[in-house]
Asks: 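First the structure, then my questions, so here it is.
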Amino acid sequence: MPKTLFDKLWDAHVVGDLGDGNALLYIDRIFLHERTGSVALKSLEEGGRKVRFPAHVFGVMDHIVDTQIGRTDTTQMPSGKQFISAMRSGCNWAGIRLFDINDPDQGIVHVISPEKGIVLPGLSLVCPDSHTCSQGAFGALAWGIGSSEAEHALATNTLRAAKPKALRITINGDTDNNVTAKDIILAVIAKIGTNGAAGYAIEFTGSAVDAMDMEARMTLCNMAVELSAFTAIIAPDATTVSYLKNKEYAPKGAMWEQAKADWKTLKSDPSALFSQTIEINASDIKTMVSWGTSPEQSVTATSRVPTPQSKDDEQALIYMDLVPEIRLSDIKIDAAFIGSCTNGRLSDLRAAAAILKNNHIKENITAICVPGSMAVKMAAEAEGLDKIFTEAGFEWRLPGCSMCFYAGGESFGPNARVISTTNRNFENRQGPGTRTHIASPATVAASAINGKICGPNELETGR
Amino acid sequence: MKSVNVIRGVAAPMFEANVDTDVIIPSREMKQVSKTGLSKGLFAGRRYMNFETREINPSFVLNQPEFSSAVILLTDQNFGCGSSREHAVWALLEYGIQAIIAPSFGSIFYKNCINNGLLPATMDRSTVMNLVKQSGSEFAISLSNQTITVAGQFSVTFDINESDKKLLMAGLDPIDQALTYSKEIEAFETARQTSHPWLVL
Ligand code: SF4
């Protein structure tokens with residue numbers, strides 16, 4: 001029977017069929033971060049259990065850590081230090097590689113895993129973090145789990161899971177100048193809703209996806225969870241292979257050749273059946289910005305805040321302090337944030353820097369750039385991007401999740417209106433009362449210069 | 001883990017779609033490396049007028065006298081979407097919520113419910129809306145029969161995956177259950193290391 005890529009990945013990991021659509025799946029790689037991993041390790045130790053395969057488990061400090069230059073274990077959130085030290089001692093107890101605060105490879109879990117070649121096509125990878133789906137961009141079976149499931153995976157190298165249905169999202173066509181993977185995924189979410197892929201694993205296909213580099217593909221897959229999908233995948237191709245070549249944990253020599261041959265088989269069979277297919281025309285997509293408190297509440301940057309269609313919309317308008325029918329281009333912002341596992345990679349910083357070069361952000365705006373990893377930071381500095389950011393008025397920081405969410409206590413503050421490259425505009429996500437508009441790095445840069453929400457193409461015409 | 005079967009008590013209506021785990025427990029409320037001490041942070045952004053002073057917001061459903069002892073939540077689709085934080089489930093359980101009735105759940109949240117003995121009962125939206133109208137009455141849930149009886153009068157059925165039901169009813173620790181497959185896991189692993197040697201670190 002013809003199989004989808006997801007079928008192939010799933011079947012390759014089934015240790016046992018538990019009946020009723022549930023399987024016990026083998027887990028090849030586990031990532032833990034200090035926020036939830038610390039709890040899982042502690043609970044495992046207290047339960048008298050062990051990490052079954054420590055060489056296949058990695059720990060990261062990213063969620064709570066401070067991102068100020070010269071940081072220590074102390075965080076803005078008074079209790080953060082506890083998580084950091086618990087994570088350190090947990091990793092030590094378990095004998096797992098930890099990317100600690102000052103490690104030259106430290107960074108956000110979904111940024112460093114690919115950088116180090118830890119995620120590979122065809123393997124299964126879990127992390128107690130919902131954006132683990134980002135790593136599906138490599139054709140890996142990667143999904144986010146809870147802490148108890150992390151304990152389960154650590155102790156048994158397996159997880160019980162119900163097989164989701166297969167959804168294919170085909171994105172064909174050429175995108176306009178400055179329209180990025182972030183705009184595409186926001187447009188998809190706006191179209192099918194935050195519940196639109198519940199119960200599904202998404203496979204992204206189509207000429208627009210083929211044309212994307214790995215970083216853009218990760219941005220696309222990153223937000224699959226905002227569609228409530230189990231995960232997302234993209235079949236590995238030459239772009240995937242050349243990205244992984246010579247990465248630290250990727251196979252080398254004869255093993256590399258053997259792996260490459262195997263990865264060629266990782267694609268959906270031509271006649272494979274999907275439960276649902278959605279077609280998107282990339283050339284219809286314009287710069288997108290969210291106006292509400294759910295990623296589905298997003299519109300094009302040149303349009304207006306819609307008239308509320310539901311109680312949720314009304315609630316969102318209240319929280320965001322917006323009125324219906326106001327133009328997005330009339331919404332003044334207080335702050336701008338560039339970073340996160342969605343858009344904190346080198347190509348993202350380059351896109352923002354291209355807009356910021358020889359420009360300055362509007363007075364009274366606080367703008368921060370947090371590279372996704374030490375490697376991204378160093379590469380950006382080698383190109384002089386840090387100078388472009390700082391000369392434009394941005395603060396340049398150390399890697400971490402930072403203002404993507406409030407766990408470490410970093411925030412622009414109550415009522416601040418932030419244009420942000422992150423993935424969630426939920427109430428209080430960036431701190432109590434903070435209002436978030438999500439957008440691409442280029443849009444965040446353009447808006448910071450303009451002082452009001454503004455797509456990169458509009459900024460061009462206005463200058 | 002304690003086994004789940006009959007749950008009786010008040011059902012509180014929170015009929016809102018996409019209640020995410022940031023709403024269920026904001027990240028600032030997860031202060032310790034622990035699964036306990038979380039109930040005070042449950043719905044903190046809604047429950048209090050001010051999260052620092054903890055001044056009560058009287059209009060929030062669980063602060064209303066008739067729902068303050070709720071053991072069941074009635075909610076709209078995609079409850080528990082967003083962040084994977086299991087603290088959402090731990091906080092709900094510690095607060096005293098034993099079951100959540102919704103048209104659908106966020107998938108990680110759903111798994112976390114099963115792993116901790118919180119019952120996620122699924123049914124179509126119109127039936128949940130009918131139950132919302134009855135909230136405040138005494139609800140009795142039977143997991144074995146997959147029914148919810150309201151005020152001893154009328155009953156509706158709900159859906160739950162058969163193996164999840166078994167786990168909840170038996171109160172089985174999922175890790176212990178998986179370890180009964182130890183032989184299969186080892187055999188699988190050996191075969192995988194032979195066919196995919198590059199995966200061994
Ligand atoms: S950057 Fe944001 S979304 Fe990504 S892992 Fe960190 S907190 Fe989660």
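Letters go in sequence order (proteins before strands), and every chain restarts at 1.
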Asks: When you check the gap from the basic side-chain N to the acidic O, do Glu151(A) and Lys35(B) get nearer than 4.0 Å?
Replies: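 Yes, charged N to carboxylate O under 4.0 Å.
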Asks: By a 4.5 Å heavy-atom criterion (distance strictly below it), what part of Ser148(A) contacts chain B: side chain, backbone, both, or neither?
Replies: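 Both backbone and side chain.
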Asks: How close do Gly146(A) and Asn112(B) get, counting heavy atoms only, and between which atoms?
Replies: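 That would be CA-OD1, 3.2 Å.
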Asks: Could you report the tightest heavy-atom contact between Arg192(B) and His13(A), atom names first, then the distance?
Replies: NH2-NE2, 3.0 Å
Asks: When you look at Ile145(A) and Ser84(B), which way does the side-chain contact (heavy atoms from CB on, under 4.5 Å) test go after all the steps?
Replies: CA-CA 6 Å; Ile145(A) 58 174; Ser84(B) 66; over 6 Å; no
Asks: If I measure from the heavy atoms of chain B, does Arg429(A) come under 4.5 Å with its side chain, its backbone, both, or neither?
Replies: both
Asks: Kindly indicate, with the supporting measurements, whether the criterion side-chain contact (heavy atoms from CB on, under 4.5 Å) is fulfilled by Val39(A) and Ser34(B).
Replies: CA-CA 6 Å; Val39(A) 182; Ser34(B) 171; over 6 Å; no
Asks: With only heavy atoms counted, which part of Ala150(A) is less than 4.5 Å from chain B, the side chain, the backbone, both or neither?
Replies: neither
Asks: Let's test your reading of the structure: which of Ala259(A), Ser228(A), Gly144(A) forms the most heavy-atom pairs below 4.5 Å with chain B?
Replies: Ala259(A)
Asks: Tell me which one of Leu123(A), Asp262(A), Leu120(A) satisfies side chain to side chain contact (heavy atoms under 4.5 Å, CB included) with His196(B).
Replies: Asp262(A)
Asks: Flag the pair Arg52(A) and Glu189(B) as a salt bridge only when some basic side-chain nitrogen lies within less than 4.0 angstrom of an acidic carboxylate oxygen.
Replies: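 Yes.
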Asks: Between Lys111(B) and Arg160(A) (side chain of the first, backbone of the second, donor and acceptor by atom type, cut-off under 3.5 Å), is there such a pair?
Replies: yes
Asks: Just do the side-chain contact (heavy atoms from CB on, under 4.5 Å) check on Thr36(A) and His87(B) with the steps written out, would you?
Replies: CA-CA 9 Å; Thr36(A) 49; His87(B) 306 74; 4.2 Å; yes
Asks: Under a plain distance cut-off of 3.5 Å, with no hydrogens placed, do Asn18(B) and Ser294(A) share a side-chain donor-acceptor pair?
Replies: no
Asks: Report yes or no: do Asn161(B) and Asn22(A) form a side-chain donor-acceptor pair below 3.5 Å?
Replies: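 Per modelled atom types, Asn161(B) and Asn22(A) side chains form a pair under 3.5 Å.
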Asks: Does Lys40(B) NZ have over 12 foreign heavy atoms under 6.0 Å away?
Replies: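 Open.
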Asks: Could you check whether atom CZ of Arg8(B) has more than 12 heavy atoms from other residues, nucleotides or ligands sitting under 6.0 Å from it?
Replies: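 Open.
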Asks: Determine, for Lys311(A) against Asp76(B), whether the closest basic-nitrogen to carboxylate-oxygen distance falls under 4.0 angstrom.
Replies: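 Not counted as a salt bridge, because no side-chain N and carboxylate O are separated by less than 4.0 Å.
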Asks: Considering non-hydrogen atoms only, spot the tightest contact between Ser27(B) and Ala407(A) and give its length.
Replies: OG-N, 3.6 Å
Asks: Between Ser43(A) and chain B, which part of the residue has a heavy atom less than 4.5 Å away: side chain, backbone, both or neither?
Replies: side chain
